[in-house]
Amino acid sequence: MESLTLTNRDATIALGKKIGQQLVAGDVLVLDGDLGAGKTTFTKGLAAGLEIPDIIKSPTFTIIHEYQDGRLPLYHMDAYRLENGGAEDLGLEEYFDGDGVSVVEWAEFVEDELPADFLAIHFKRTDDDNTRILEFEPHGQHFDQIVKSVVK
């Protein structure tokens, strides 16, 4: 598993932007990590890479935020509230197979719905409040290439 150490918020946004510029319709990213680990900050950068001008907010209370005004739509999902089921009723496969990019937080609660190819990014906090270690787990050749392009 490849990893990167990021030492500030701007580096997290820059990484998200670099990855976002390489994404295509139907791509799925799975983000996991503690609250405050940088998942939404990363997604803000990803949205910038998709040329989305909107302010990106955590979808904790809405489950899915849709952003349509970029190079590709962004579907930002927080599956935490699906801990006790209900994922199959949301039609997630329509998002995953659709015209945009899906970012899923707390994906362990929708694991059965995920496509075969996706990129998992694990956000790890450190003793330094600003530093994060990101571990990349690509599933599929497309995501292997993306990881190789950002981890050098």
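Sequence positions, counted from 1, serve as the residue numbers for this chain. Values reported hereafter were calculated over all heavy atoms of this structure, with side chains retained and with hydrogens, waters and symmetry mates removed.
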Taking the side chain as C-beta and beyond, is there a heavy-atom pair between Leu15 and Leu6 under 4.5 Å? yes
Residue pair Glu135 / Ser3: nearest heavy atoms and the distance that separates them: CG-CB, 4.0 Å
Quick one: closest heavy-atom pair of Thr7 and Thr131, and the distance? CA-OG1, 4.0 Å
Please work out whether the ring planes of Tyr95 and Tyr75 are parallel, tilted or perpendicular, with thresholds of 30° and 60°. perpendicular
Would you say that Leu29 contacts Thr43 through its side chain, given a criterion of any heavy-atom pair below 4.5 Å between the two side chains? no
Within the 4.5 Å heavy-atom criterion, are Gln145 and Gln22 side-chain neighbours or not? no
All pairs passing ring-ring contact (aromatic ring centres under 6.0 Å, His included) where residues 24-52 contributes a residue, at least two apart: Phe42-Phe123
4.5 Å side-chain heavy-atom contact, Lys44 and Arg9: yes
Which heavy atom in Val30 sits nearest to a heavy atom in Ala107, and how many Å separate them? CG1-CB, 3.2 Å
Are Ile146 and Ile13 in one and the same hydrophobic cluster, where Ile, Leu, Val, Met, Phe, Trp and Tyr link if side-chain heavy atoms are under 4.5 Å apart? no
So which atom in Lys39 and which in Gly33 form the shortest heavy-atom distance, rounded to 0.1 Å? NZ-O, 2.9 Å
Atom NZ of Lys17 with >12 non-hydrogen neighbours under 6.0 angstrom: no
Could you walk me through whether His142 and Asp117 pass the side-chain hydrogen bond (donor to acceptor under 3.5 Å, both in side chains) check? CA-CA 8 Å; His142 169 61; Asp117 289 358; over 6 Å; no
Please determine whether residues Leu31 and Ile19 belong to a single hydrophobic cluster, defined as Ile, Leu, Val, Met, Phe, Trp and Tyr linked transitively by side-chain heavy-atom distances below 4.5 Å. yes
Please list all pairs passing the ring-ring contact (aromatic ring centres under 6.0 Å, His included) test where one or both residues lie in residues 3-26, with sequence neighbours left out. none
Checking side-chain hydrogen bond (donor to acceptor under 3.5 Å, both in side chains) against His76, which of Glu105, His65, Glu66 comes through? Glu105
Check whether any side-chain heavy atom of Leu119 lies under 4.5 Å from a side-chain heavy atom of Val28, and answer yes or no. no
Check whether any side-chain heavy atom of His122 sits under 4.5 Å from a side-chain heavy atom of Glu137, and report yes or no. yes
Indicate if Met77 and Phe143 have the same hydrophobic cluster label, given that clusters are the connected sets of ILVMFWY residues with side-chain heavy-atom separations under 4.5 angstrom. no
Flag side-chain contact, heavy atom, 4.5 Å: Asp69 against Ile52: no
Taking Asp34 for the side chain and Ala37 for the main chain, is one N or O donor matched with an acceptor at less than 3.5 Å? no
Do Val150 and Leu50 land in one hydrophobic cluster if side-chain heavy atoms of ILVMFWY residues count as linked below 4.5 Å? yes
In terms of hydrophobic clustering (I, L, V, M, F, W, Y; side-chain heavy atoms under 4.5 Å; direct or indirect links), are Leu23 and Ile64 co-clustered? no
